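Just follow the structure's listing: the first ligand is 1, and inside any ligand the first atom is 1. Keep in mind that this is a model prediction, so the values were computed, not measured. Hydrogens, waters and symmetry mates are skipped; everything else that's a heavy atom, side chains included, is used.
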Amino acid sequence: MPENSHQSLADELREHLVYMSELGVHEVDAAVPMVPHREASTSVGKIDERVPASEIPEILSSKFKTNTEETPRMAPARGKRDLLGGTKLSDVTVPAESKRIAPKQEHRKEEPDPPAQEEEMESVESTLQNDSLETIRAEIGSDCSRCQLCEERTQVVNSVGSAKAQLMVIGEAPGADEDLKGEPFVGRAGKLLTKILESIGFERSDVFIGNINRCRPPQNRQPTLEESAMCKPFLLREIEVVNPKVIVVLGNTATKNLLETTTGITKLRGNFVEKFGVKVMPTFHPAYLLRDPRKKREVWEDMKKIRDFLESSND
Ligand code: URA
């Protein structure tokens with residue numbers, strides 16, 4: 001094998017060991033290949049020691065933390081770069097006025113007549129062009145009651161992170177820890193997510209993290225389509241404002257919803273899909289990895305694709 005192939009194999013193996021170690025895996029079954037290369041399927045033995053910082057490949061330094069543009073992150077004018085291309089404009093219509101308690105069965109409004117529709121379109125256009133994360137958050141409001149999830153939640157859990165993030169993470173909905181703390185992905189699954197992000201060189205604060213639904217569903221049930229439809233437009237606006245290079249979408253429910261597909265996560269994961277003019281990578285949810293740690297290997301493969309894409313786009 002040529003010298004440089006040995007080197008890249010060694011680098012890859014070292015990265016993988018760092019990743020597994022970061023994820024708390026300290027022993028590896030020799031029967032399970034750690035990396036996809038045939039040559040590397042020998043035992044890697046015990047990983048008791050963390051790899052010294054000096055040996056951590058350069059790739060793990062935060063090379064692609066944030067977009068470097070200095071300009072304020074206002075949503076680009078439609079037509080200039082159509083981030084929501086492929087999404088019906090009606091999808092990003094801001095849900096009815098905030099502060100109103102949603103009547104239980106009565107979410108549907110009368111169809112507006114054509115001039116009213118035109119006005120609405122114009123106002124959506126102008127909203128998109130002048131949007132900011134602050135405006136979106138203010139519009140949602142801390143006492144949002146657009147859907148029934150407001151009844152049992154503790155608080156609205158808004159997205160967090162850098163408005164210049166190159167990488168955006170999207171989950172399904174807050175769980176109990178997030179509901180109490182008011183921040184997405186802070187429970188056990190969230191801590192694992194943080195380690196996964198770190199394994200490809202991202203600090204949590206460099207990434208923009210949000211959910212399709214911002215309120216915890218009772219007993220962590222799946223949000224209904226209606227509940228998601230009320231909340232998702234705000235996330236789509238955040239995508240437009242942040243304009244990330246890559247979105248990683250976590251788990252079956254969020255993936256199907258974001259990509260508007262019925263195809264399941266097992267089929268979709270591992271391949272970029274173009275949506276909103278952004279590369280979207282579906283992968284398994286960290287909560288699933290907690291239940292089945294063997295799936296971490298697939299997530300690692302997916303994360304490496306994201307890292308490689310971002311690295312090449314920054315060259
Ligand atoms: N699971 C999610 O999908 N989102 C969170 O914020 C926490 C757990």
task = Mind running salt bridge (charged side-chain N to carboxylate O under 4.0 Å, His left out) on Lys279 and Glu274 for me, showing each step along the way?
result = CA-CA 5 Å; Lys279 287 211 166 337; Glu274 197 86 8; 3.3 Å; yes

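- Leu149 and Val156 fall into different hydrophobic clusters, defined by Ile, Leu, Val, Met, Phe, Trp and Tyr side-chain heavy atoms under 4.5 Å apart, directly or through other members.
- In terms of modelled atom types and a separation under 3.5 Å, the side chain of Gln166 and the main chain of Pro244 share no donor-acceptor contact.
- Ion pairing between Lys296 and Glu301 fails under the 4.0 Å rule for side-chain N and carboxylate O.
- Residue-to-ligand polar distances keep Glu178 apart from ligand 1: every N/O pair is separated by 3.5 Å or more.
- Residue contact check for ligand 1: Ala173 places a non-hydrogen atom closer than 4.0 Å to it.
- Heavy-atom proximity to Glu172, at under 4.0 Å, picks out these atoms of ligand 1: 2 (C), 3 (O).
- Closest protein heavy atom to atom 4 (N) of ligand 1: Asn211 OD1, 2.8 Å.
- Using a 4.5 Å heavy-atom cutoff, the side chains of Thr261 and Val273 are not in contact.
- Checked for salt-bridge contact, Glu226 and Lys232 miss the test: no charged N lies under 4.0 Å from a carboxylate O.
- Atoms of ligand 1 found under 4.0 Å from any heavy atom of Pro184 (numbered from 1 in listed order, with element): 6 (O).
- Taking atom 1 (N) of ligand 1 as the reference point, the nearest protein heavy-atom neighbour is His285 NE2, 3.2 Å.
- Residue-to-ligand polar distances place Phe185 within reach of ligand 1: an N/O pair is separated by less than 3.5 Å.
- Using a 4.0 Å cut-off to heavy atoms of Gly171, the atoms of ligand 1 that qualify are 3 (O).
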